[in-house]
Amino acid sequence: DLEGAGTRAVAVRDLQDVMEAELADRDQVKLLREMELPLVRVLARMEQHGIGVDQGYLEEMGADLGADLAGLETEIYEQAGRTFNIKSSQQFGKVLFGDLGLPVVKKTSRGSPSTDASVLQKLEDAHPIVGLVLRYREVEKLRSTYVNGYLPLIGPDQRIHARFNQTGASTGRLSSDRPNLQNIPVRSELGRTIRRAFVAAEGFRFVVADYSQIELRILAHLSKDPGLLGAFKAGEDIHTETAARVFGLTADTVTADARRRAKAINFGLLYGMEAYGLADRLKIGRAEAREHMDTYFRQFPDVRQYLREVVQEARRVGHTTTLFGRRRYLPELLSGNWRTRQMGERMALNAPVQGSAADVMKMAMIGLDGRLAPDEARMLLQIHDELVFEVREDAVATTVHLVREMMEGVVELDVPLTVDVGIGPDLASVKG
DNA sequence: TTTACAGGCCAC
DNA sequence: AAACGTGGCCTGTAAA
Ligand SMILES: Nc1nc2c(ncn2[C@H]2C[C@H](O)[C@@H](COP(=O)(O)OP(=O)(O)OP(=O)(O)O)O2)c(=O)[nH]1
Ligand SMILES: [Mn+2]
Ligand SMILES: [Mn+2]
């Protein structure tokens with residue numbers, strides 16, 4: 001009603017002084033005026049422009065996946081000796097741990113026997129149904145979340161206009177929804193076929209730019225660790241080196257998949273993973289996991305100290321702070337519950353690094369938006385440390401140069417920031 | 001019929 | 001799961 005609206009408007013007016021004082025108190029005036037407010041219009045343009053989608057391709061893929069699922073379903077029922085709802089983890093658990101008598105590996109938070117992928121991998125050799133369900137889950141995920149998720153969101157312009165939310169993540173990252181275009185499959189071969197559905201317009205190409213090892217570089221800057229600083233100044237790739245060490249390879253035999261796994265290990269260890277978790281992921285013993293952890297932190301002696309100080313400071317002042325002054329408040333650190341406090345400590349380890357990386361990317365986006373000619377190159381997607389542009393063919397070379405310079409030079413850190421750039425007519429075909 | 005949560009899984 | 005962090009979306013299930 002009108003009077004309520006008036007009352008609220010007056011309340012907002014009265015809030016202005018209070019909020020501005022608070023902001024100045026926190027030293028966040030520049031964060032607001034030079035980062036978050038200018039970003040609003042960049043995100044609005046991305047959402048309005050959208051990204052082109054090949055609807056016919058997606059429809060065909062949906063039919064193919066449906067046929068695959070029907071075949072898998074028959075095989076699974078044969079192996080089970082009966083029918084059941086494969087999508088129901090409860091019903092599948094009864095088949096697996098009841099009918100077939102396989103051992104329970106772990107329980108879910110509410111005490112049911114878990115059937116998640118890590119459990120099924122351990123049981124894969126015990127019964128043929130296990131591998132079939134793993135495959136069923138992969139295919140069903142792609143069909144339900146991606147094919148069926150995208151199709152109804154394609155507009156009359158044959159484009160998807162996802163949202164990029166500025167307040168979606170407590171570290172300062174963006175989030176995306178309706179649909180989420182920050183989690184387009186890339187890991188599995190089948191998953192990557194989804195990417196072919198995202199297509200540049202006739203006469204245009206996608207230009208994709210992704211920061212190299214971004215949070216490790218941020219960490220090098222924040223911690224001043226000599227090992228990490230030296231590695232980046234020498235142009236080393238820590239993900240590849242970790243892959244070589246833990247998988248017993250040499251740098252030139254590290255596959256893309258091995259590097260991806262090593263990435264999860266590198267960040268896991270930094271953000272509080274323990275020997276138990278590492279052993280589980282690498283399928284090795286606890287002692288061997290311990291050794292890997294020791295080797296890892298011995299390479300980077302000052303990282304441990306930095307991480308300790310981050311938690312201490314967070315406990316003292318109640319929040320963490322990023323490069324550009326963004327805060328994450330962590331009341332969990334004062335909880336009476338040990339588990340909650342531990343969780344708070346891991347959040348404190350992660351927030352300044354993930355948040356600073358988000359700061360850097362936001363500044364680069366603002367800088368680039370001001371430099372791109374809208375008829376030549378449009379920013380379409382942000383995937384945390386990656387930007388996707390749609391670029392007129394005759395402007396590709398100049399845009400690649402501009403994007404690289406802006407992303408690499410947006411802030412001066414104690415380590416170089418480097419960017420990998422790829423080009424392609426669709427997201428599956430993007431190649432460096 | 002709608003809503004909330006659990007379990008699971010995609011990405012960075 | 002006690003045991004890297006940040007998100008969003010799917011289906012099944014039970015409660016409202
Ligand atoms: N805590 C945590 N953070 C992750 C994980 N995967 C990615 N991130 C964060 C840290 C990365 O620096 C950042 C960007 O992800 P990327 O896939 O681009 O990896 P990164 O830039 O490190 O390596 P790159 O050289 O691009 O392959 O997202 C993860 O498994 N755990
Ligand atoms: Mn990256
Ligand atoms: Mn990335």
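Values below: every heavy atom of this structure, side chains too, minus hydrogens, waters and symmetry copies. Protein chains get the first letters and strands the later ones, always in sequence-line order, with residue 1 at the start of each.
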Does [X] make a side-chain N or O approach to OP1 or OP2 of [N] shorter than 4.0 Å?
{"X": "A:Ser170", "N": "C:dG7", "answer": "yes"}
{"X": "A:Arg346", "N": "C:dC4", "answer": "no"}
{"X": "A:Asn85", "N": "C:dG12", "answer": "yes"}

When you measure from the side chain of [X], which nucleotide among [options] comes out closest?
{"X": "A:Asn183", "options": "C:dG5, C:dC4, C:dG7", "answer": "C:dG7"}
{"X": "A:Tyr276", "options": "C:dC4, C:dG5, C:dA3", "answer": "C:dA3"}
{"X": "A:Asn180", "options": "C:dC9, C:dC4, C:dT6", "answer": "C:dC9"}
{"X": "A:Ser144", "options": "C:dC10, C:dG7, B:dC10", "answer": "C:dC10"}
{"X": "A:His384", "options": "C:dT11, C:dG8, B:dC12", "answer": "B:dC12"}
{"X": "A:Val186", "options": "B:dA11, C:dC10, C:dT13", "answer": "B:dA11"}

Suppose you measure atom P in C:dA3 against the same atom in B:dA6; what distance do you get, rounded to whole Å? 15 Å
Atom P, compared across B:dG7 and C:dA2: separation rounded to whole Å: 13 Å
Give [X] one of three labels, base, sugar-phosphate or nothing, depending on what nucleic acid heavy atoms sit under 4.0 Å from its own.
{"X": "A:Arg260", "value": "nothing"}
{"X": "A:Gln354", "value": "base"}
{"X": "A:Val353", "value": "nothing"}
{"X": "A:Gln91", "value": "sugar-phosphate"}
{"X": "A:Leu349", "value": "nothing"}

A:Thr418 pairs by side-chain hydrogen bond (donor to acceptor under 3.5 Å, both in side chains) with which of A:Arg404, A:Glu408, A:Arg217? A:Arg217
Length of the [atom1]-[atom2] vector between [X] and [N], whole Å:
{"X": "A:Arg326", "N": "C:dT6", "atom1": "CZ", "atom2": "P", "result": "15 Å"}
{"X": "A:Leu174", "N": "C:dG7", "atom1": "CG", "atom2": "C1'", "result": "11 Å"}
{"X": "A:Arg173", "N": "B:dA11", "atom1": "CZ", "atom2": "P", "result": "14 Å"}
{"X": "A:Glu345", "N": "C:dA3", "atom1": "CD", "atom2": "C1'", "result": "13 Å"}
{"X": "A:Glu140", "N": "C:dC9", "atom1": "CD", "atom2": "C1'", "result": "12 Å"}
{"X": "A:Leu190", "N": "B:dC10", "atom1": "CG", "atom2": "P", "result": "11 Å"}
{"X": "A:Leu270", "N": "C:dC4", "atom1": "CG", "atom2": "P", "result": "13 Å"}
{"X": "A:Gln382", "N": "B:dC12", "atom1": "CD", "atom2": "C1'", "result": "10 Å"}

Does any non-hydrogen side-chain atom of A:Leu216 lie less than 4.5 Å from one of A:Phe267? yes
Are A:Val391 and A:Val400 close enough that some pair of their side-chain heavy atoms sits under 4.5 Å apart? no
If I take atom CG from residue A:Asp54 and atom CZ from residue A:Arg196, how far apart are they, to the nearest 0.5 angstrom? 11.0 Å
Salt bridge flag under 4.0 Å for residues [X] and [Y]:
{"X": "A:Arg371", "Y": "A:Glu405", "result": "no"}
{"X": "A:Arg82", "Y": "A:Asp99", "result": "yes"}
{"X": "A:Arg346", "Y": "A:Glu332", "result": "no"}

Whether each nucleotide of nucleotides 1-9 of chain B has a protein heavy atom under 4.0 Å at its base (B), only at its sugar-phosphate (S) or at neither (-) is summarised, 5' to 3', as -----SSBB
If stacking means aromatic ring centre less than 5.5 angstrom from the base's six-membered ring centre, planes under 30°, is A:Tyr271 stacked on C:dG5? no
If you assign A:Asn350 and A:Asp280 each to the DNA chain C nucleotide with the nearest heavy atom, which residue ends up on the more 5' nucleotide? A:Asp280
By nearest-heavy-atom nucleotide on DNA chain C, the more 5' of A:Gly272 and A:Val105 is A:Val105
Should the heavy atoms of other residues, nucleotides or ligands under 6.0 Å from CD of A:Glu59 be counted, would the total exceed 12? yes
Between A:Phe84 and A:Tyr77, how do the two ring planes meet: parallel, tilted or perpendicular, split at 30° and 60°? perpendicular
